[in-house]
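Notes to accompany the following structure.
If you read the sequence from its start, that first residue is 1, and numbering goes on from there.
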Amino acid sequence: MYSITYPCRVAVFVVLAALPLRAQHAGGTVTVTGRVSAVAAVSAGSAARVVEGDARVSARTDGARGLVVSVSGTRGGETRLELPIQLRSNVGFALTASCVTGGAALSALSVEVSDAGEFVHPGAAGRVVITSAFDGRPGARPASGVGPDLSSPVTILTGPPISMSGTLDSPNNMIEVVLRVVFAAPPGTRGWHAELSFSATPHVGTGRPTPSGHGAGKRE
């Protein structure tokens with residue numbers, strides 16, 4: 001089960017990039033200057049998938065930039081999930097994650113990224129930089145050792161501007177991130193829960209997107 005609750009959110013990237021404005025009139029010439037309003041947001045994607053084990057999953061937004069995913073299980077052993085989330089931004093951004101658990105431990109988290117929409121800057125998905133410990137793309141070196149420590153927020157990826165236009169709810173101006181998550185509960189456990197929190201933070205100074213094929217991190 002994967003339920004999503006959205007508060008009312010309206011943010012047009014084209015408009016935000018032009019506000020606030022002021023006009024100056026001198027000798028018949030009008031000069032218009034503006035200040036970019038940086039926007040970065042994370043939201044739930046398609047339904048979560050329970051690959052192994054038994055779990056209930058729900059998601060809710062936490063303001064305009066945050067997402068909280070709640071997971072609960074009824075027995076011990078490993079539970080493997082795929083959690084699709086969506087990212088939109090008009091500037092460079094970082095995505096951070098944290099996790100609290102009760103009765104289970106987060107034993108693995110990996111990330112894959114894909115394009116999703118005609119109003120995404122060309123090559124944006126290929127220029128996303130995934131923190132090596134969470135890189136789940138084909139050919140990446142798998143994480144080893146103990147499970148990730150997400151007791152406090154950790155940056156799992158950074159990226160360039162994504163959205164060329166649209167709103168925070170437009171279906172064609174975002175990239176999709178699929179998180180593969182593994183929780184482990186001791187044998188005999190009758191109930192456990194976990195909460196994953198994600199936050200997208202804008203970074204205005206990361207520069208403009210480069211044309212497709214000329215950005216770092218391009219994959220063949």
- Message: Can you give me the closest heavy-atom contact between Arg127 and Pro160, atom names plus distance?
- Response: NH1-CB, 3.1 Å
- Item | Distance (rounded to the nearest 0.5 Å) between Met174 CE and Ser114 OG | 8.0 Å
- Query: To the nearest 0.5 Å, what is the distance between CZ (Arg80) and OG (Ser107)?
  - Reply: 7.0 Å
- Partners meeting side-chain hydrogen bond (donor to acceptor under 3.5 Å, both in side chains) with Ser170 (sequence neighbours left out): Thr167
- Query: Do any N or O atoms from the side chain of Trp192 and from the backbone of Arg75 form a donor-acceptor pair under 3.5 angstrom?
  - Reply: yes
Determine all donor-acceptor pairs shorter than 3.5 Å in which one atom belongs to a side chain in residues 150-158; sequence neighbours excluded.
{"unit_1": "Ser151", "atom_1": "OG", "unit_2": "Asp149", "atom_2": "OD1", "d": "2.7"}

- Message: So, using side chain to side chain contact (heavy atoms under 4.5 Å, CB included) as the criterion, who are the partners of Ser70 when residues are at least two apart?
- Response: Ser58, Val68, Glu195
- Message: I need the minimum non-hydrogen distance between Thr79 and Ala55, along with the two atoms involved.
- Response: CG2-CB, 3.8 Å
- Minimum side-chain heavy-atom gap Phe93-Ile162 below 4.5 Å: yes
- Message: As an exercise, state the distance from CG of Asn90 to OG of Ser37, rounded to the nearest 0.5 Å.
- Response: 8.0 Å
- Message: Quick check: closest heavy atoms across Ala40 and Pro202, and the distance to 0.1 Å?
- Response: CB-N, 3.9 Å
- Item | Straight-line distance of Gln86 CD to Leu168 CG, nearest 0.5 Å | 11.0 Å
- Item | Set of residues satisfying side-chain hydrogen bond (donor to acceptor under 3.5 Å, both in side chains) with respect to Thr131, sequence neighbours excluded | none
- Message: Treating Asn173 as the side-chain partner and Phe119 as the backbone partner, does any N or O pair qualify as donor plus acceptor under 3.5 Å?
- Response: no
- Can Phe198 and Leu87 be said to form a side-chain contact (heavy atoms from CB on, under 4.5 Å), step by step? CA-CA 11 Å; Phe198 302 97; Leu87 293 169; over 6 Å; no
- Message: For the CG atom of Asp135 and the OG atom of Ser110, what is their distance to the nearest 0.5 Å?
- Response: 8.5 Å
Name each donor-acceptor pair under 3.5 Å that joins a side chain in residues 94-102 to protein atoms two or more places apart or in another chain, with its distance.
{"unit_1": "Thr96", "atom_1": "OG1", "unit_2": "Ser199", "atom_2": "O", "d": "3.4"}
{"unit_1": "Thr101", "atom_1": "OG1", "unit_2": "Ala104", "atom_2": "O", "d": "2.8"}

- Message: Is there a side-chain contact between Val128 and Val111 in this structure, where contact means two heavy atoms from C-beta onward sitting under 4.5 Å apart?
- Response: no
- Query: What heavy-atom pair brings Ser46 and Glu176 nearest, and what distance separates the two atoms?
  - Reply: OG-OE2, 4.1 Å
- Any link between Val113 and Val129 through a network of hydrophobic side chains (Ile, Leu, Val, Met, Phe, Trp, Tyr) touching at under 4.5 Å? no
- For a side chain to side chain contact (heavy atoms under 4.5 Å, CB included) with Leu81, tell me which candidate from Val71, Val69, Val51 qualifies. Val71
- Message: Quick check: do Leu106 and Pro148 have side-chain heavy atoms less than 4.5 Å from each other?
- Response: yes
- Task: Determine which pairs satisfy salt bridge (Lys or Arg N to Asp or Glu O under 4.0 Å) with at least one residue from residues 178-190, sequence neighbours left out, and list them in order.
- Result: Glu82-Arg180, Glu112-Arg180
